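Because the structure is a prediction, the values reported are computed rather than measured. Letters A, B, ... mirror the listed sequences (proteins, then strands); counts begin at 1.
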Protein chains: 2
Amino acid sequence: MTSRDVARAAGVSQATVSLVLGDKWRGRVSERTAGAVRAAAQRLEYRPNLAARSLRLGTARTVLLVVPALTNEYFARVYAGAERVAAEHGFGLVLYPSPEGVGPARDPFPSARAALDGVIASSMAAGALRAISGAAGPGAGGLPLVMLDSEPGGPGTAATVNPDLAHGMRLAVGHLAGLGHRRFAHVAAAVDSWTFRVRREVFDAEVGALAGGSAVRETSGLDVARGRDAAVRALTGPGPRPTALVCDDDLLAAGACKAVRRLGLRVPQDVSVTGFDDLSLATAVDPELTTVRLPAGEAGAAGMRALLAALAGEPAPSAELPVSLVVRGSTGPAPGVRPNG
Amino acid sequence: MTSRDVARAAGVSQATVSLVLGDKWRGRVSERTAGAVRAAAQRLEYRPNLAARSLRLGTARTVLLVVPALTNEYFARVYAGAERVAAEHGFGLVLYPSPEGVGPARDPFPSARAALDGVIASSMAAGALRAISGAAGPGAGGLPLVMLDSEPGGPGTAATVNPDLAHGMRLAVGHLAGLGHRRFAHVAAAVDSWTFRVRREVFDAEVGALAGGSAVRETSGLDVARGRDAAVRALTGPGPRPTALVCDDDLLAAGACKAVRRLGLRVPQDVSVTGFDDLSLATAVDPELTTVRLPAGEAGAAGMRALLAALAGEPAPSAELPVSLVVRGSTGPAPGVRPNG
DNA sequence: CCGCGTTAGTAATACGTATAACTTCGAGCG
DNA sequence: CGCTCGAAGTTATACGTATTACTAACGCGG
């Protein structure tokens with residue numbers, strides 16, 4: 001079914017069909033004719049050929065979202081938020097989950113796979129992004145680029161959207177300090193990303209500012225098993241045992257809880273644990289995790305809004321999104337401290 | 001950069017550029033000229049405009065994958081498997097995660113968003129699929145369709161790919177029966193999908209065939225909290241308390257474990273719990289879940305292979321994929337039964 | 001009855017690619 | 001020499017749409 005078929009069926013020219021269906025017919029086509037065209041299109045189940053449309057228009061109304069891995073629920077939520085905003089503006093959203101650990105053999109040019117108007121990328125998928133942009137320098141192969149989870153002001157970047165991680169870390173440490181904890185451990189993700197650097201720096205600053213505060217750090221890959229191992233190291237290292245484990249995300253926190261129990265201790269009576277993200281995992285484990293909720297969906301939405309603004313030639317607003325602390329069962333008063341004491 | 005720009009730079013015609021880059025120049029273009037064209041294309045970073053290509057070719061070399069929700073790790077793995085096979089064949093894969101619970105207000109025609117050659121859909125996203133195909137009858141709007149997690153032989157379906165769920169359920173019940181369990185409960189997903197119907201039927205048949213076996217069933221939405229509530233109901237209902245909870249997936253199993261503890265019982269000493277899927281969640285909880293591992297990635301890959309076969313005009317092979325039982329800490333001997341007794 | 005504006009539409013064209021059909025140039029051969 | 005044949009390209013065209021420029025018909029004031 002082409003627009004010409006519809007035209008034939010309605011007894012008009014192809015141009016008229018395009019005008020009517022494109023909603024540009026006011027004062028150019030009579031009400032009667034417009035109705036006939038719409039009826040014919042409906043009856044024939046006409047769907048415009050998007051390849052032809054974007055060829056003519058020079059725009060595909062499509063955006064690429066580059067994420068490190070779909071198996072992480074956080075990015076699934078980012079996608080959902082971005083998709084919602086895209087759909088509201090008549091844009092499509094295509095996903096490029098960068099392959100993890102399977103080597104560089106895979107198609108390095110998803111941008112060649114679809115006609116794209118712009119790119120939103122998480123800094124945690126930096127490798128994939130580099131493959132997309134090639135050696136073309138900053139930006140995503142000349143396309144407007146919005147970065148998520150990345151240091152503001154990167155070269156070739158139209159805007160940057162981040163959750164307020166510094167504030168999140170302050171909330172977590174403050175909550176634990178208020179419960180009487182002084183000996184902290186940071187179970188940190190061993191990922192070279194700005195977002196984790198921020199966590200480290202703010203953690204150090206906050207614990208350092210605490211009278212009598214002390215801290216150790218163990219780093220770990222981003223999964224439950226390695227989080228558990230890192231937490232075991234943190235709890236069995238030299239010096240007095242930490243009573244609070246601040247973890248860089250919920251997977252690590254789940255692993256940390258397992259470590260505590262493996263050492264014959266209890267959560268939260270002996271050791272308190274906090275995470276980041278507030279994934280569904282946080283309420284799947286026992287006890288449920290106290291965690292810093294990051295607005296993943298809103299991050300995707302804000303990123304998409306910024307990109308659409310950039311595409312429209314307007315200034316793209318960077319954003320720092322508010323976060324909150326969700327207190328659940330994995331944190332409690334430090335050993336030897338009375339509740340409400 | 002168009003192919004005409006490359007042609008100008010190389011001092012040849014646009015047609016020659018197309019022939020060389022399309023690898024159809026043997027015997028039609030000299031080695032020297034082909035080299036010059038390739039060099040120019042490289043230098044100018046030429047990327048063919050896919051809209052134009054698919055307009056001319058009438059094929060987009062792109063497939064749509066319709067899944068119920070990305071936040072479920074299972075489908076993230078299905079995607080990864082399908083994408084791998086697609087890339088091997090030079091196809092792109094676009095994802096349509098059907099919106100959950102946000103109503104039908106969203107764009108109902110993702111198929112109009114990209115030029116598509118075929119569709120792979122999970123039966124759990126039946127609503128979204130219906131929106132795509134419209135009232136156009138069987139198939140996905142006339143496109144070849146491969147169904148996942150669906151009863152074999154649907155109308156308009158080129159092929160069906162399923163994990164061998166019946167065998168999986170037999171493995172789970174058989175494992176528990178071998179540990180001495182006789183009083184079972186089925187924590188079932190309240191989702192109207194063939195895959196869950198199979199679980200129900202096989203569970204009933206297996207427990208029914210067991211001397212002294214008895215069973216109850218509680219149904220629940222597909223998340224941890226509702227799985228917990230259903231398990232509480234199953235454990236506190238009339239009649240003797242079940243000692244084995246067979247859950248329809250890992251999320252429900254995680255909830256069931258929480259229910260057991262909430263009632264002051266222990267996993268696995270008092271109650272054993274099994275799941276389905278083998279998500280990363282299975283090893284995030286304590287104790288780790290005994291679960292039926294479903295080959296999610298392989299399901300995506302097999303589905304894509306079947307669709308590509310259908311597109312090539314060959315018969316598309318339906319498949320039933322092997323599953324296995326992963327025994328971990330959430331199952332143990334029935335109370336009162338000696339291990340190895 | 002001429003010119004002008006308005007209404008309702010149509011013809012023509014461009015977007016960038018892939019490919020069928022054609023041209024040009026030598027070489028080989030009878 | 002005249003003819004054919006292969007090599008090496010080129011020219012022309014189609015794909016389906018959106019939009020610009022044009023046309024035809026009609027009403028109306030002067």
Between D:dG16 (P) and B:N49 (CG): distance, integer Å
16 Å
Hey, which of these two, B:A15 or A:A15, hits DNA chain D nearer its 5' end, going by closest nucleotide?
B:A15
Given D:dA18, C:dT10, C:dG9, the nucleotide with the shortest approach to the side chain of A:T33:
C:dG9
Which comes earlier along DNA chain C counting from the 5' end, the contact point of B:A51 or that of B:L19, where each point is its nearest nucleotide?
B:A51
So what does A:V17 touch, heavy atoms closer than 4.0 Å: a base, only the sugar-phosphate, or nothing?
nothing
Would one find more than 12 heavy atoms of other residues, nucleotides or ligands at under 6.0 Å from atom CD of B:E314?
yes
Whole-Å gap separating P (C:dT7) and CZ (A:R32):
18 Å
Gap between atoms CG and P, on B:L55 and C:dC15 respectively (whole Å):
14 Å
For a quick check of understanding: with a heavy-atom distance under 4.0 Å over all strands, which category does B:S13 fall into, base, sugar-phosphate or nothing?
base
Any N/O donor-acceptor pair, A:Q14 side-chain to C:dA11 base, under 3.5 Å:
no
Could you tell me how far apart B:R4 (CZ) and C:dA18 (C1') are, to the nearest whole angstrom?
12 Å
Distance check needed: D:dG6 P versus B:W25 CH2, whole Å only.
20 Å
Of all the nucleotides listed (D:dA18, D:dT17, D:dT20), which has the minimum atom distance to the side chain of A:R28?
D:dT20
Between atom CG in A:L21 and atom C1' in D:dG16, what is the gap in whole Å?
13 Å
Rounded distance (Å) that lies between atom P of C:dA20 and atom CG of B:L57:
11 Å
Test your reading of the model: is there a side-chain donor-acceptor pair from B:S18 to the backbone of B:T16, 3.5 Å cut-off?
no
How many Å lie between CZ on B:R53 and C1' on D:dG16, as a whole number?
18 Å
Is any NZ, NE, NH1 or NH2 atom of the basic residue among B:E298 and B:R305 found under 4.0 Å from an Asp or Glu carboxylate oxygen of the other?
yes
What nucleotide, of D:dT11, D:dT17, C:dT10, holds the atom closest to the side chain of A:A52?
D:dT17
Identify which nucleotide among D:dT17, C:dT17, D:dT19 has an atom closest to any side-chain atom of A:P48, counting heavy atoms from C-beta outward.
D:dT17
What nucleotide among D:dT11, D:dG16, C:dT19 has an atom nearest to a side-chain atom of B:K24?
C:dT19
Spell out, as yes or no, whether a donor-acceptor pair under 3.5 Å connects the side chain of A:D117 to the backbone of A:T59.
no
Measure the shortest side-chain to side-chain distance between B:T2 and B:N49 over non-hydrogen atoms and say whether it is less than 4.5 angstrom.
no
Which of the following nucleotides, D:dT17, C:dT10, D:dG9, is nearest to the side chain of B:T16?
D:dG9
